[in-house]
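Throughout, a chain's letter reflects where its sequence line sits, starting with A, and its residues are numbered from 1. Just so it is clear, the values below take in all heavy atoms, side chains as well, and ignore hydrogens, waters and symmetry mates.
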Protein chains: 2
Amino acid sequence: MGEPVRQLSRERVLRAAVAIADADGLGALTMRSLAAALHAKPMSLYHYIRNKDELLDALVDGVFAEIDLPEVGGDWRAEVRRRCLSARAVLARHPWALALVETRTSPGPATLRHHDSMLGVLRGGGFSLPMTAHAYAIIDAYVFGFVLQEASLPFDGGDSATEVADSIMERFAAGDYPHLVEFATRHVRQPGYHFGGQFTFGLDLILDALANAS
Amino acid sequence: MGEPVRQLSRERVLRAAVAIADADGLGALTMRSLAAALHAKPMSLYHYIRNKDELLDALVDGVFAEIDLPEVGGDWRAEVRRRCLSARAVLARHPWALALVETRTSPGPATLRHHDSMLGVLRGGGFSLPMTAHAYAIIDAYVFGFVLQEASLPFDGGDSATEVADSIMERFAAGDYPHLVEFATRHVRQPGYHFGGQFTFGLDLILDALANAS
DNA sequence: AAGTAAGTCGTACTTAGTACGAAGACTTGG
DNA sequence: CCAAGTCTTCGTACTAAGTACGACTTACTT
């Protein structure tokens, strides 16, 4: 029964915060719940974090740090593709991240490094400055937007899509939303349907288009 | 001085909620501030709205209602393009909307109608069911993702980009983020730079790619 | 041993959502 | 025209959350 509950530290606080958010969502991450998870009292946290806002900024930067950096100088298409798959995986692992990114506007070091690498590979791939801007905007709009859509799907991501589709379908009269009904019954309800599987299709379509446009 | 402060109504409550969110952000929209704006007391609102969650759901559906519906049967490319420009305009007008869409998962009637029309034009344009799914996913990922990026830019949208870029640049040593520095100084800081202008470029690139892929 | 700095926390104030039920206003059958 | 509802509105109060303030506790220094 010795107390392995050693001293607090910024590191431990951040780790615990991520764990809570991963497990129960951003809403469950309060200064009180965070303190409880660390067997401490709320006010103790303020020695490692100025306020909750700063905590959230730190979480966002931590998420960017998890994303694979593209290798500057490598084949731009391959590197960007790898990075995008990684980004999607990371954002899926931390479903709360996207909501945060939207709000926070002061990028941390990992975030800046990340952008720097992306700009680097694109420039290295022969894109002009304006074209780099276009490409990066399109790519990230797609990646973030796709994850955003997944997040706002009424179902979790598995194949419970079927049930949800059914329950929604029931709610409206026969002819109300004909195309939605067709889509739900003849596509979504098919075995093997999985929204997330469309990610690479779109990504490759966009990368191809960018390769041609450059 | 007569009292034009007529009866409350769900309509009036929703309108006032949108006004508050537009003006001061989602954070400023509380049951208390909303009541105050209507010259009423907080608890009066609960006669028109079950709880705040339902209020937010209603706001989201209202936003979808504002987006131009594509005309089913028309030229899919033109109709989808128009709808996307409208969607972006609406989301720009209500910067809080995107954050909400992310959370709410029970679509309202306007939302369903919207999706129905989009699926309709795509199907009418000759897309197969799987291809329709791909196309819609890509298009909305792009539109929502682009708006999301705009929202998380550290600057408001005007050309204050320059100042922000400067202030960030100052923060790091010479060689820390070379590509970011090049990008900021040689592109962002140029006169006439405006992130939002890239929207149509990417949209057309994606629509072209979809047209070819179909 | 005493001083000092670092870390921890008790207390309390503020803002938010909303349950409960009373009080006023308006409607309607007699 | 009145009594009995019914519809709106709101007063009060409880709970959850962020965090300011300052005290207490410990560990390390000299």
Side-chain angles (χ1 to χ4, degrees), chain A residues 1-62 96 99-100 102-106, chain B residues 1-62 96 99-100 102-106:
Chain A
M1 326 214 82
E3 265 326 274
V5 182
R6 61 189 175 296
Q7 240 198 325
L8 290 177
S9 71
R10 186 177 169 95
E11 193 59 19
R12 276 188 6 109
V13 170
L14 293 182
R15 249 187 241 297
V18 169
I20 291 176
D22 283 351
D24 303 318
L26 260 195
L29 175 60
T30 71
M31 296 303 278
R32 290 165 208 267
S33 69
L34 181 52
L38 292 161
H39 303 292
K41 302 295 143 124
M43 290 315 294
S44 304
L45 304 176
Y46 288 88
H47 257 264
Y48 304 95
I49 268 151
R50 200 181 314 282
N51 50 41
K52 193 174 179 181
D53 249 40
E54 199 201 79
L55 170 67
L56 298 180
D57 277 336
L59 292 186
V60 169
D61 208 48
W96 43 269
L100 276 192
E102 201 169 342
T103 334
R104 320 277 101 205
T105 48
S106 49
Chain B
M1 354 183 59
E3 265 325 274
V5 183
R6 60 190 177 297
Q7 241 198 324
L8 290 177
S9 72
R10 186 177 169 97
E11 192 60 17
R12 277 188 6 106
V13 169
L14 294 183
R15 250 186 239 297
V18 170
I20 291 176
D22 283 350
D24 305 317
L26 259 194
L29 176 60
T30 69
M31 296 304 279
R32 291 166 208 266
S33 68
L34 181 52
L38 292 162
H39 304 291
K41 304 293 155 166
M43 290 315 293
S44 305
L45 305 176
Y46 288 87
H47 257 263
Y48 303 96
I49 269 151
R50 198 180 315 279
N51 51 40
K52 194 173 180 184
D53 248 41
E54 198 202 79
L55 169 67
L56 299 181
D57 277 338
L59 292 186
V60 169
D61 207 49
W96 43 270
L100 275 191
E102 203 168 338
T103 333
R104 319 276 102 206
T105 48
S106 49

Participant: Taking salt bridge (Lys or Arg N to Asp or Glu O under 4.0 Å) as the cut-off, I'd like each qualifying pair that reaches into residues 42-55 of chain A, sequence neighbours left out, listed once.
Facilitator: Arg10(A)-Glu54(A), Arg50(A)-Glu54(A), Asp53(A)-Arg104(A)
Participant: Can you tell me how far C1' of dA25(C) sits from CG of Leu8(B), to the nearest Å?
Facilitator: 14 Å
Participant: Of all the nucleotides listed (dT9(D), dA16(C), dA17(D)), which has the minimum atom distance to the side chain of Arg32(A)?
Facilitator: dA17(D)
Participant: Could you state the atom-to-atom distance from CD of Gln7(A) to P of dC9(C) in whole Å?
Facilitator: 11 Å
Participant: Would you mind reading off the distance between Glu54(B) atom CD and dT18(C) atom P, rounded to a whole angstrom?
Facilitator: 11 Å
Participant: Between atom CG of Asp57(A) and atom OG1 of Thr105(A), what is the distance when rounded to the nearest 0.5 Å?
Facilitator: 7.5 Å
Participant: Which atom pairs, one a donor and one an acceptor, fall under 3.5 Å between side chains of residues 41-48 of chain A and the rest of the protein, sequence neighbours left out?
Facilitator:
unit_1	atom_1	unit_2	atom_2	d
Ser44(A)	OG	Lys41(A)	O	3.3
Tyr48(A)	OH	Leu8(A)	O	3.4

Participant: Output the rounded distance in Å from CZ (Arg10(A)) to P (dG7(C)).
Facilitator: 14 Å
Participant: For Ser9(B), give me all partners under side chain to side chain donor-acceptor pair (under 3.5 Å), at least two apart in sequence or on another chain.
Facilitator: none
Participant: For residues 23-32 of chain A, which residue pairs pass the salt bridge (Lys or Arg N to Asp or Glu O under 4.0 Å) check, not counting sequence neighbours?
Facilitator: none
Participant: For residues 15-23 of chain B, tabulate all N or O donor-acceptor pairs below 3.5 Å that involve a side-chain atom, not counting sequence neighbours.
Facilitator:
unit_1	atom_1	unit_2	atom_2	d
Arg15(B)	NH2	Glu11(B)	OE2	3.1
Asp22(B)	OD1	His94(B)	ND1	2.7
Asp22(B)	OD1	Trp96(B)	NE1	2.6
Asp22(B)	OD2	His94(B)	ND1	3.1

Participant: Return the value, rounded to whole Å, for the distance between atom CE of Met31(A) and atom P of dT14(C).
Facilitator: 20 Å
Participant: Strictly below 4.0 Å, heavy-atom distances to any atom of DNA chain D: list the hits from residues 40-52 of chain B, or just say none.
Facilitator: Ala40(B), Lys41(B), Met43(B), Ser44(B), His47(B), Tyr48(B)
